[in-house]
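Notes to accompany the following structure.
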Amino acid sequence: MVEIDQVFVQAAEHRPKPSVTIAEGIPLIDLSLINYQQDQESPSSSSVYSNLIEEIGRACKEWGFFQVINHKVPLEKRQRIEVAAKEFFGLSLEEKVKVRRDEKNVLGYFEAEHTKNVRDWKEVYDFNVQQPTFIPPSDSDNDDINSQFQWDNRWPLNPPHFREACEDYAQEVEKLAYKLMELIALSLGLEANRFRGFFKHNTSNIRLNHYPPCPYPHLALGLGRHKDTGVLTVLNQDDVGGLQVRRKSDGEWITVKPIPNSFIINVGDMIQVWSNDAYESVEHRVMVNSERDRYSIPFFLKPALYTDVEPLQELTNHNNPPKYKPVNWGKFRISRMTSNFTKSSVENLQIYHFKLS
Ligand SMILES: O=C(O)CCC(=O)C(=O)O
Ligand SMILES: [Fe+2]
C-alpha cells in the first residue's frame, strides 16, 4: 500500500477511536406541527406547539445539535440534488477544476481544504443561495470584501440539470431554516420573527461534500474538528454515517446515526453570540471509511456581510451582561475563508477572540 501523504495525518489525540459510541442522546424532534404559510394564525398558544418549542430549546442548550423528521422538505427535491452531487463529483478532475474556488473566487469546487491545518479527505462544491451577494458600500473597513473577492456562483455545464437541482433544493431548505429560527427565537423568549431582519441580504450557502473511501481511516478525517461559524446548519447526510458530535456533558465523540429523510440541525457561532452563550456552537467532525463514498449536503444559514452580531439586548441584563464584543460577520467570514486554503502558522479567528473578560 502507498504511504499516506502526511498532510492528511491527524495528531494522535485527534484520531478517531476504533470503536465508536452511537448517539442515543441527540434529540430527535418531530416537526409535523410546522407549517410554512406566512398568514397562518400562530399556533404558539397551543400547548402541543409549546412542547415543540421547549424541546428545541432543550436540544439547543444541552447538545447544540438535534435531528428533525416530518420537516416538509419534498423528498423528490432532496433526491435530485443528491443525484446531481454524485454526478458532479463523478466527473474528471479536469472538468471539476473549471469551476475551482481560488483566492479571488469564493465559490465553486475545491479539493484541498484544510481544517485546523490538516488536510481534509474530501472534495466540496459551494454555492450561495441568494444571488447576487449584496456587497456593502465601500468604506475603509470593507475594502477587503469589495476589492478582493468574487461572490458569484460558478455553475458547471455538467451535469445538465445541476443548477436547477441546486436552486430548487436551496429554496426548500431555506424555508425550513427560517422556520427553525422562529422556533429558536420563541424558545429564547423572543418574538418569533426576531432574527428575520438579519437575513435580508443573507450570505447563506449550500455545500456539497464528497468523502471518498480512505485507506487510512484511523489516521485521517473527512473533516477535522470544527464549529460552524454561521447561524444555523441544516445538514442532509446519506446512509453511510461518519459525523461525530462532541457531547457537551463529557467531551466524548458521539456518532450521529443516519435516519432516512431526516435533517441534522446545529447551532452556529452567531447564535452563540446572539444568545450570549445560552445556546453554544458545538464541535463536530467527520470520520472516513475504507469502503464507501459518503455524501452530505449542509445548508449554512448566514447573515448579511454588514451585520454586527452581538448579544441581544433582550437576553442580557445587569446579572447577565454581554459576553461578547460585536462580531462583524463580513470580516469574520473572510478571515475564516482565507485560512481554509493552506496550512497557516497562526490560529484563525474564533468567536472566543471577541469575548469580553
Ligand atoms: O458531512 C457532514 O456530515 C458534516 C459536514 C460539516 O460539518 C460541515 O461541512 O461543516
Ligand atoms: Fe460543520
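In each ligand, atom 1 is the first atom listed, and ligand 1 is the first ligand listed. Throughout, numbering of the chain's residues begins at 1 and tracks the sequence.
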Charged N to carboxylate O under 4.0 angstrom, [X] versus [Y]?
X	Y	result
Glu167	Arg163	yes
Glu283	Arg247	no
Arg194	Glu182	no
Lys96	Glu111	no
Lys104	Asp102	no
Asp277	Lys355	yes

Distance-only N or O hit between ligand 1 and Arg207, under 3.5 Å: no

Heavy atom of the protein closest to [atom] (residue, atom name, distance):
atom	value
atom 9 (O) of ligand 1	Asn209 ND2, 3.5 Å
atom 8 (C) of ligand 1	Leu223 CD2, 3.4 Å
atom 4 (C) of ligand 1	Val286 CG2, 3.6 Å
atom 3 (O) of ligand 1	Arg294 NH2, 2.8 Å

Kindly say whether the aromatic ring centers of Tyr109 and Phe127 come within a distance under 6.0 Å. no

Decide if the gap between the ring center of Trp274 and the ring center of Phe198 is smaller than 6.0 angstrom. yes

Considering only N, O or S atoms, which atom of Asp228 is nearest to the Fe ion (ligand 2)? OD1

Within a distance under 4.0 Å of any heavy atom of [X], pick out the atoms of ligand 1 and give their elements.
X	result
Pro298	9 (O)
Tyr211	1 (O), 2 (C), 5 (C)
His284	7 (O)
Phe300	8 (C), 9 (O), 10 (O)

Go through the steps to decide whether Tyr306 and His201 satisfy the test ring pair (Phe, Tyr, Trp, His ring centres under 6.0 Å), and finish with yes or no. CA-CA 9 Å; Tyr306 52 76; His201 298 125; 5.7 Å; yes

Quick look: Asp228 vs ligand 1, heavy-atom contacts under 4.0 Å, and the answer is side chain

Is ligand 1 under 4.0 Å from a heavy atom in the side chain of Thr233, in the backbone, in both, or in neither? neither

Against ligand 1, does His226 come closer than 4.0 Å with any heavy atom? yes

Taking the Fe ion (ligand 2) as the apex, NE2 on His226 and NE2 on His284 give an angle, to 10°, of 90°

